[in-house]
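Only one structure is covered here, and it is reproduced in the block below.
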Amino acid sequence: MSSTKPFGDILSTIKRESIVTLLRKGERIDGRGLHEYRKIEIETNVISKAEGSALVKIGDTKVIAGVKTEIGKPFPDTPDMGVQIVNAELIPIASPFFEPGPPGEDDIELSRVIDRGLRSSEAIKLNELAPIPGEKVWIIYIDIYPLDHYGNLVDASGLAAVSALLTTKIKNWKVEDGDVVLLDEEKPLPIGEVPVFVTVGKIGDTLIVDPSYEEELILDAKITLAVTSDDKISGIQKSGLGGFTPEVVKNAVSLAINVADQVRKKLPT
Amino acid sequence: MSSTKPFGDILSTIKRESIVTLLRKGERIDGRGLHEYRKIEIETNVISKAEGSALVKIGDTKVIAGVKTEIGKPFPDTPDMGVQIVNAELIPIASPFFEPGPPGEDDIELSRVIDRGLRSSEAIKLNELAPIPGEKVWIIYIDIYPLDHYGNLVDASGLAAVSALLTTKIKNWKVEDGDVVLLDEEKPLPIGEVPVFVTVGKIGDTLIVDPSYEEELILDAKITLAVTSDDKISGIQKSGLGGFTPEVVKNAVSLAINVADQVRKKLPT
Amino acid sequence: MSSTKPFGDILSTIKRESIVTLLRKGERIDGRGLHEYRKIEIETNVISKAEGSALVKIGDTKVIAGVKTEIGKPFPDTPDMGVQIVNAELIPIASPFFEPGPPGEDDIELSRVIDRGLRSSEAIKLNELAPIPGEKVWIIYIDIYPLDHYGNLVDASGLAAVSALLTTKIKNWKVEDGDVVLLDEEKPLPIGEVPVFVTVGKIGDTLIVDPSYEEELILDAKITLAVTSDDKISGIQKSGLGGFTPEVVKNAVSLAINVADQVRKKLPT
Amino acid sequence: MRSNNVVLINEEGLRVDGRRPNEMRPFKIIAGYLSNADGSAYIELGRNKIVAAVYGPREVHPKYLALPHRATVRCRYSMAPFSVEERKSPGRSRREIELSKVIREALEPAIFVEEYPRTVIDIFIQVLEADGGTRTASITAASVALADAGIPMRDLVAAIAVGKASDTLLLDLNGIEDQYGDGDMPIAIMPRYNLVTLFQADGIFAPEEIEEALKMAREAIYKLYEGQKEALKRKYLKIREEVLSSE
Amino acid sequence: MRSNNVVLINEEGLRVDGRRPNEMRPFKIIAGYLSNADGSAYIELGRNKIVAAVYGPREVHPKYLALPHRATVRCRYSMAPFSVEERKSPGRSRREIELSKVIREALEPAIFVEEYPRTVIDIFIQVLEADGGTRTASITAASVALADAGIPMRDLVAAIAVGKASDTLLLDLNGIEDQYGDGDMPIAIMPRYNLVTLFQADGIFAPEEIEEALKMAREAIYKLYEGQKEALKRKYLKIREEVLSSE
Amino acid sequence: MRSNNVVLINEEGLRVDGRRPNEMRPFKIIAGYLSNADGSAYIELGRNKIVAAVYGPREVHPKYLALPHRATVRCRYSMAPFSVEERKSPGRSRREIELSKVIREALEPAIFVEEYPRTVIDIFIQVLEADGGTRTASITAASVALADAGIPMRDLVAAIAVGKASDTLLLDLNGIEDQYGDGDMPIAIMPRYNLVTLFQADGIFAPEEIEEALKMAREAIYKLYEGQKEALKRKYLKIREEVLSSE
């Protein structure tokens with residue numbers, strides 16, 4: 001059952017007001033511009049046992065993603081496509097407010113938002129990953145583990161997932177006697193269009209990008225947009241207890257497309 | 001672990017006593033005779049995506065049942081029979097006392113009582129539903145969802161299940177090259193003898209049928225009898241924290257058989 | 001998540017001190033010598049539906065183990081071996097401190113300690129239990145149920161598991177048309193080297209074997225050693241909130257080897 | 001992403017069920033559909049059939065979960081096994097868990113939660129039959145159920161999805177369109193404040209398509225909003241009638 | 001329902017294990033089988049082997065679950081994986097969950113629960129070997145365990161099943177008869193009050209068969225009742241002996 | 001037990017990765033690797049990569065779980081799905097549950113738990129890459145994280161495994177050696193007290209081999225211990241630098 005989280009109480013009233021007052025003046029508590037990301041660092045191939053991996057930092061927020069691949073069964077309704085599985089786990093290492101236990105709604109929402117953004121833009125060319133349609137296809141697992149939560153986990157998770165995918169190598173294969181034989185040689189995972197996830201926060205009339213943890217606690221609402229390289233949107237998720245007027249939605253979309261370019265430059269090549 | 005429910009406290013002492021006093025006089029708080037059901041209404045084919053469905057009202061008690069069918073594996077000990085699966089879920093919509101969560105003992109007892117009553121009377125001719133014995137047989141799912149719990153969920157659930165089965169259509173099939181091929185034409189699910197579930201409540205020396213929710217709270221014990229069209233019993237379940245003398249059991253059986261006929265008349269034809 | 005258990009509070013301070021004082025004098029509260037087991041009784045073939053079974057008593061501690069066998073799939077990394085599965089359940093019957101519910105860390109640790117001790121010494125000759133390597137092998141289930149917990153469940157569980165295995169009979173088989181056909185005749189389960197589990201407790205500078213329940217509550221730490229018939233160790237598990245110096249570990253190993261012989265004599269032949 | 005040969009718009013520009021691109025399916029809303037719940041509603045939208053029930057404000061158990069300055073809102077969206085083509089297993093799916101959250105976050109902005117500190121408001125949604133757009137229809141129904149429960153609200157919330165096929169925006173996708181179309185954008189709006197409280201999308205949309213979709217949704221949402229208010233009015237007229245006739 | 005060719009009654013009217021139709025299997029009851037439990041019992045009935053343990057009355061955790069005017073009774077019926085022909089997975093089956101409930105409801109009428117408000121009485125049942133009729137044998141054992149725990153009771157409860165094959169009522173079905181027979185009717189009775197506290201059936205029974213089955217069960221139950229009382233007597237004699245010999 | 005043809009020691013007495021039998025893999029420890037956690041550490045030992053975080057002492061919820069005379073220590077060891085050759089399912093495995101317990105019991109003896117009654121100290125361990133010996137490396141890292149959190153400790157705990165192949169004891173098994181070797185004996189020691197706080201083994205060991213293994217482990221553990229202390233020193237130097245430079 002989904003339930004209101006008692007997060008509102010965490011920030012002291014003074015802190016809360018000082019953040020809000022600054023934002024009204026167009027300033028942020030950490031000195032950034034409203035539409036400016038914190039410093040982004042991406043390190044790839046950090047896990048040698050993973051077929052692809054990336055450690056992403058956005059300021060103090062730190063997320064690791066790993067890609068594993070195996071041959072398995074396709075989904076019944078897409079027999080001629082590989083399978084993409086995204087799993088994010090908000091492990092208690094990353095925040096005093098993450099509890100150990102089976103995945104909750106926040107873990108699941110994060111997984112599904114990243115999954116849809118990747119899927120809609122065809123980040124993985126799943127149609128090239130079905131050696132024996134209907135029988136044996138590639139399963140591509142993308143596991144996302146935040147290590148330090150200082151806000152904006154969605155964008156960091158998206159970057160980590162995309163960076164890991166871009167550096168993923170899979171075994172080449174041949175089909176022999178109705179079975180898939182994996183060869184020793186490796187090749188890059190076939191990649192299509194990868195999105196950049198940009199989360200826009202709204203407080204009063206102000207829009208900001210890349211909210212920090214403290215900012216997240218005071219936002220009216222957030223909207224995450226998955227932005228493709230040709231300035232289209234391949235996924236949207238509004239979250240939080242407030243709303244946006246259609247006009248502000250429009251502005252958020254423009255803003256996301258604008259900043260996505262800068263973020264995209266950080267992607268591994 | 002099964003645990004005493006703290007239901008006894010719910011009814012005020014005054015209400016409790018007024019119900020008991022009336023019953024001793026042979027009267028019920030809603031004006032019914034002791035052996036009289038509330039108004040029964042059955043609407044079938046309410047869910048077009050289900051192969052069979054029924055919405056049953058007994059007074060304000062409201063239960064919906066849907067039948068879905070698919071080809072699957074038989075149980076190992078009955079390779080030449082289709083599979084009947086009954087699932088009832090006491091969803092929190094239906095009562096302030098139903099909690100969300102995985103099925104508890106009440107959900108499971110309800111499922112199993114309906115399942116046994118149907119199975120014993122061979123409500124579904126499962127032996128006609130095994131296209132390839134040992135390999136591929138029909139799985140008949142009967143899902144029961146109470147929507148409004150005003151007492152006597154068992155009888156309402158039984159009626160809903162039976163009504164849904166009576167209106168269920170399955171695809172005709174042929175066996176070709178060792179596989180089951182479903183055809184476009186539909187036919188009624190093969191039905192045998194369907195039972196009517198009659199719950200008899202006991203309070204002191206008085207027996208009543210179709211207890212309302214408030215009556216259930218004060219009953220010593222209940223006994224549910226699945227009654228066939230030839231006045232036999234295809235299932236029994238005593239429940240509650242009291243007991244019956246063998247003499248009273250006998251009376252309850254007679255009573256159930258008597259009223260079952262009236263209920264049976266409501267079944268869809 | 002593993003969590004400190006609040007067991008320390010259970011024993012009264014007086015009781016605690018009297019046990020400790022006695023131990024310092026080389027005596028135990030039940031009159032045993034420090035390196036003496038309580039009375040061991042083993043009854044085998046107690047469950048006729050099990051392929052092997054044993055009821056073991058060590059003093060008032062009582063554990064039952066049953067062996068069931070079936071044909072199934074091997075583990076992918078050991079295609080030419082049978083499968084050994086050990087499952088211990090600390091059912092609430094056995095102690096006021098065992099809670100009903102899914103297996104916790106204590107159940108799992110017990111299962112795994114027994115499993116490793118048996119596996120390392122090759123108690124079951126799993127390599128003789130693979131009728132069709134990679135496809136169909138014997139699965140040997142060893143289920144352990146403590147019935148009365150008066151301390152030293154590990155040793156009693158180990159004895160019960162080993163005694164049940166030693167008396168287990170499986171169906172003989174032949175391979176026919178690529179399938180395993182079970183024959184009517186039975187033969188003993190192929191047994192290799194069976195270990196004896198000896199738990200040594202440490203309190204201050206004193207080592208004791210076969211701790212009673214009350215002694216377990218005051219021990220600094222315990223170490224369980226699986227001892228083979230040729231005085232080797234096929235498994236070790238330290239548990240509890242204290243530690244051992246390497247010197248004391250050495251002494252504990254010698255002690256375990258010494259007493260293992262006496263325990264071994266109780267095994268069924 | 002979803003390559004296929006299913007024709008979703010014919011040569012005359014009509015959809016598989018004969019609708020025009022900007023045409024919503026017919027709908028029916030009943031307020032007070034159930035008796036036990038403090039508030040309830042039933043919605044039919046095309047073949048979708050959904051029941052929503054509200055319990056509360058009521059006590060929170062265990063008590064330390066209570067919020068000191070506002071009510072806790074809980075939401076459970078659930079699909080009956082027989083509501084879909086292939087029987088759905090009765091266990092909670094990840095989809096149901098996510099939808100419970102976004103539906104809650106679509107409704108909470110409309111509730112005066114600060115009026116009932118330390119209590120819980122429970123919203124239970126049961127999908128009896130699903131044919132595309134259950135989350136938006138659920139929001140429309142649940143907000144009627146909240147009002148029916150007498151919970152003070154800033155406004156009702158109504159919702160609809162806009163999808164896409166053959167580069168055409170389609171209002172209110174049905175199940176087939178959802179399965180074979182190129183994208184889906186569920187939108188909830190509080191009409192009085194013109195506030196978007198649910199907004200999701202999959203598929204590829206250009207910025208101008210998003211703008212256009214919001215406009216299409218808004219028009220439909222105003223119709224649903226009228227339907228919601230009429231349903232509530234019918235319920236109160238019925239009650240008044242009963243009260244008057246019983247005097 | 002269960003069509004088959006297994007002959008359950010031979011030409012001489014004897015059953016697969018040589019019993020007559022109205023003959024119960026031999027049984028053995030031990031009171032005080034365990035040491036940790038506040039009360040316990042072991043029963044063998046044919047090849048059934050079952051242990052029952054009772055803990056309590058004891059404190060309820062968490063406290064808000066306590067009932068103000070009576071003890072809470074909890075019951076957990078569980079089968080060991082090795083107790084049956086095919087190994088049972090150790091997880092809780094739906095059957096075990098239902099039986100825990102009906103067993104509790106068969107025993108609660110016999111307990112003076114109002115004497116221990118705000119406490120819990122835990123009944124744990126472990127089936128070590130199963131051969132038809134475990135629920136009824138469990139009730140018989142658990143009620144001895146309750147008495148052994150010193151919990152004040154109106155009466156003991158004893159139980160047995162009556163089944164049916166080839167149109168003949170059979171007392172106390174064993175596993176084979178249960179599997180291949182035409183019906184099973186487990187019955188528990190508090191003898192002193194002649195009160196049926198467990199009553200279930202599957203299979204088809206005519207009303208007169210039910211009446212007849214109740215009579216058959218009652219006779220057997222009286223024998224079990226004697227066995228229960230003797231088991232408790234033996235336990236107390238043994239204790240008395242120990243006390244006397246220790247003086 | 002593990003029969004196979006994998007050669008783990010070559011003719012020159014070197015191991016698959018070129019190490020000598022008593023040679024530990026290179027390692028690197030970083031104290032204060034994370035910012036949210038009260039204390040944290042990162043360890044690389046060969047290809048193992050592990051993060052440990054400590055939260056606490058903090059309040060226990062619900063409160064009746066608090067211990068009156070000491071802190072509760074909780075520990076969760078967890079492997080990332082991508083940390084191993086075949087993807088591990090994200091659910092808790094029985095192995096992870098057991099290791100969480102033995103790691104906790106290896107660390108608790110080093111903590112002055114009596115200084116923080118009624119609180120909880122949480123130790124979270126995430127294995128990012130595994131290559132043999134993760135439990136021991138986890139202990140080494142977690143004890144640095146505990147110190148980094150400022151929790152008063154009797155000593156650090158460092159740990160390493162000793163394994164066996166071709167009748168030779170091998171220090172610090174890597175993944176291949178662990179898989180194809182003849183035994184594994186993970187050992188944790190509090191160096192200042194020379195106290196073994198984790199001690200497990202599978203495989204067959206003679207008593208003298210156990211003695212020898214303890215010696216081999218102790219030497220390696222002293223090196224790890226130095227590494228732990230240096231890591232903590234670096235962290236404090238860095239903080240001092242930051243403080244000084246900010247003045």
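Computed over heavy atoms, backbone and side chain alike; hydrogens, waters and symmetry mates excluded. Chain A is the first sequence line, chain B the second, and so forth, proteins listed ahead of strands; every chain is numbered from 1. Everything numeric in this text was worked out from a predicted model, so none of it was measured.
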Most heavy-atom pairs under 4.5 Å with chain A, out of D:Ala201, D:Ser78, D:Pro109, belong to D:Ala201

Is a side-chain donor or acceptor of D:Ser166 paired with a backbone partner of D:Thr168 at a separation under 3.5 angstrom?
-> no

Ion pair D:Glu105/D:Lys101, N-O distance below 4.0 Å | yes

Would you find a donor on one side and an acceptor on the other, under 3.5 Å apart, between the side chain of A:Ser111 and the backbone of A:Asn87?
-> no

Which portion of A:Asp231 sits near chain D, non-hydrogen atoms under 4.5 angstrom | backbone

Quick one: what part of A:Ile257 sits under 4.5 Å from any heavy atom of chain D, side chain, backbone, both or neither?
-> side chain

Heavy-atom contact with chain A under 4.5 Å, split by part of D:Arg94 = both

For D:Arg70, which of D:Glu108, D:Glu115, D:Glu114 qualifies under side-chain hydrogen bond (donor to acceptor under 3.5 Å, both in side chains)?
-> D:Glu108

Residue among D:Leu214, D:Ile97, D:Val73 with most heavy-atom pairs under 4.5 Å to chain A | D:Val73

Would you check if there is a donor-acceptor pair between the side chains of A:Glu89 and A:Tyr145 at a distance under 3.5 Å?
-> yes

Enumerate donor-acceptor pairs with a distance under 3.5 Å from any side-chain N or O in residues 120-131 of chain D to protein atoms, sequence neighbours excluded.
{"residue": "D:Asp122", "atom": "OD1", "partner": "D:Arg74", "partner atom": "NE", "Å": "2.7"}
{"residue": "D:Asp122", "atom": "OD1", "partner": "D:Arg74", "partner atom": "NH2", "Å": "3.3"}
{"residue": "D:Asp122", "atom": "OD2", "partner": "D:Arg58", "partner atom": "NE", "Å": "3.2"}
{"residue": "D:Asp122", "atom": "OD2", "partner": "D:Arg58", "partner atom": "NH2", "Å": "2.8"}
{"residue": "D:Asp122", "atom": "OD2", "partner": "D:Arg74", "partner atom": "NH2", "Å": "3.0"}
{"residue": "D:Glu129", "atom": "OE1", "partner": "B:Ser48", "partner atom": "N", "Å": "2.8"}
{"residue": "D:Glu129", "atom": "OE1", "partner": "B:Ser48", "partner atom": "OG", "Å": "3.4"}
{"residue": "D:Glu129", "atom": "OE1", "partner": "D:Lys49", "partner atom": "NZ", "Å": "3.0"}
{"residue": "D:Glu129", "atom": "OE2", "partner": "B:Ser48", "partner atom": "N", "Å": "3.2"}
{"residue": "D:Glu129", "atom": "OE2", "partner": "B:Ser48", "partner atom": "OG", "Å": "2.3"}
{"residue": "D:Glu129", "atom": "OE2", "partner": "B:Lys49", "partner atom": "N", "Å": "2.9"}
{"residue": "D:Asp131", "atom": "OD1", "partner": "D:Gly175", "partner atom": "N", "Å": "3.1"}

Using atom types as modelled and distance alone, determine if a side-chain donor or acceptor of D:Asn194 lies under 3.5 Å from a backbone N or O of A:Thr245.
-> no

Could you have a look at D:Arg104, D:Arg76, D:Gln200 and say which one has the most heavy-atom pairs with chain A under 4.5 angstrom?
-> D:Arg104

Would you call D:Glu212 and D:Lys164 a salt bridge, using N to O less than 4.0 angstrom?
-> no

Pick one of side chain, backbone, both or neither for A:Thr228, based on which atoms fall under 4.5 Å of a heavy atom in chain D.
-> side chain

Flag side-chain contact, heavy atom, 4.5 Å: D:Thr136 against D:Asp172 | no

May I ask you to name which of A:Arg112, A:Glu193, A:Lys232, A:Glu247 has the most heavy-atom pairs under 4.5 Å with chain D?
-> A:Arg112

Looking at D:Leu195, D:Leu198, D:Leu107, which has the largest count of heavy-atom pairs under 4.5 Å with chain A?
-> D:Leu195

Given a strict heavy-atom distance threshold of 4.5 Å, which part of D:Val102 is in contact with chain A: side chain, backbone, both, or neither?
-> side chain

Under 4.5 Å to a heavy atom of chain A? For D:Ile210 that would be side chain

Portion of D:Arg95 that has a non-hydrogen atom of chain A nearer than 4.5 angstrom = both

For chain A, which of D:Gly203, D:Pro207, D:Pro186 has the most heavy-atom pairs under 4.5 Å?
-> D:Gly203

